[in-house]
K.L.:
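Provided herewith is a single structure, encoded as structure tokens, for subsequent inquiry.
Fair warning: this is a prediction, and the values are worked out from it, not measured in the lab.
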Amino acid sequence: ENARRLRNMSQYPGTTTGLELYGALQQRKHVVHITRLRTGHCMLNEYLYRFNIIETPECECGAEKETVDHYLLNCELYDEERHVLRKKVGAQGMKTSLLLGDNKTIQDTVEYIEKTGRFKLEQ
């Protein structure tokens with residue numbers, strides 16, 4: 001399922017991969033965050049629930065499962081950070097495939113991830 005997600009994401013026009021995408025990132029932790037979000041193998045509740053690490057896949061906001069799409073596009077806990085991101089990438093740029101696969105917006109996505117602090121305890 002996760003490989004299918006990554007393949008589908010990579011099919012959109014303007015999506016880049018490999019060194020062209022990750023070369024724009026300055027720190028290893030940023031590469032790790034983007035890679036994990038692209039594959040879905042990240043510390044979001046839906047993933048943790050699959051391995052019985054937590055009891056529910058629901059987000060702390062209570063709206064729905066905490067998926068990559070929910071984290072990037074919908075979670076009300078990060079509305080302020082998302083508003084800043086939307087101003088930078090535009091409304092058309094607010095698609096998961098572009099946020100995680102366009103080398104022009106990847107740095108803006110990294111800033112969003114940093115500002116949310118959602119993955120601050122990951123190593």
K.L.:
Would you check if H83 and E80 make a side-chain contact, meaning some heavy-atom pair closer than 4.5 Å?
P.N.:
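With C-beta onward as the side chain, the pair stays apart.
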K.L.:
Give a yes or no on whether a salt bridge exists between K88 and E111, defined as a side-chain N under 4.0 angstrom from a carboxylate O.
P.N.:
yes
K.L.:
Would you call E81 and V84 a side-chain contact if the rule is heavy atoms closer than 4.5 Å?
P.N.:
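In short, these two side chains do not touch, never coming nearer than 4.5 Å.
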K.L.:
Answer whether the closest heavy-atom distance between the side chains of C75 and E60 falls below 4.5 Å.
P.N.:
no
K.L.:
Please step through side-chain contact (heavy atoms from CB on, under 4.5 Å) for the pair I113 and I34, ending with a clear verdict.
P.N.:
CA-CA 9 Å; I113 294 167; I34 295 299; 3.9 Å; yes
K.L.:
Kindly determine whether L44 and T67 satisfy side-chain contact (heavy atoms from CB on, under 4.5 Å), including the steps that lead there.
P.N.:
CA-CA 6 Å; L44 295 174; T67 63; 5.9 Å; no
K.L.:
Any donor-acceptor pair under 3.5 Å linking the side chain of R38 with the backbone of L100?
P.N.:
yes
K.L.:
On a heavy-atom basis, which atom in N74 and which in R82 lie closest, and how many Å separate them?
P.N.:
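That closest heavy-atom pairing would be C-NH2, 3.6 Å.
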K.L.:
State the OG1-CD distance between T56 and E46, to the nearest 0.5 angstrom.
P.N.:
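Answer for the OG1-CD pair, T56 versus E46, is 11.0 Å.
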K.L.:
To the nearest 0.5 Å, how far apart are NZ in K104 and CD in Q107?
P.N.:
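Going from the NZ atom of K104 to the CD atom of Q107 covers 15.0 Å.
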K.L.:
Identify, with sequence neighbours excluded, every residue that meets side chain to side chain contact (heavy atoms under 4.5 Å, CB included) alongside N45.
P.N.:
L48, I54, E66, R118
K.L.:
Any ring-ring contact (aromatic ring centres under 6.0 Å, His included) pairs touching residues 48-70, not counting sequence neighbours?
P.N.:
Y47-F51
K.L.:
Heavy atoms only: give me the nearest I106-G101 pair and the separation to one decimal.
P.N.:
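I106 and G101 have their closest heavy atoms at CD1-N, 4.5 Å.
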K.L.:
Which distance, rounded to the nearest 0.5 Å, do you find between the CG of L72 and the OG1 of T109?
P.N.:
7.0 Å
K.L.:
Which pair of heavy atoms, one from C42 and one from L37, lies closest together, and at what distance?
P.N.:
SG-CD2, 3.9 Å
K.L.:
Measuring from D69:CG to E64:CD, what's the distance to the nearest 0.5 Å?
P.N.:
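Nearest 0.5 Å value for the CG-CD distance: 9.0 Å.
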K.L.:
Would you check if the side chain of T35 reaches a backbone N or O of V32 as a donor-acceptor pair within less than 3.5 Å?
P.N.:
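Such a contact is absent between T35 side chain and V32 backbone.
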K.L.:
Please verify the inter-ring angle class for Y71 with F119; under 30° counts as parallel, over 60° as perpendicular, anything in between as tilted.
P.N.:
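Perpendicular, since the angle between the ring planes exceeds 60°.
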K.L.:
Between L73 and L99, is any pair of side-chain heavy atoms under 4.5 Å apart?
P.N.:
yes
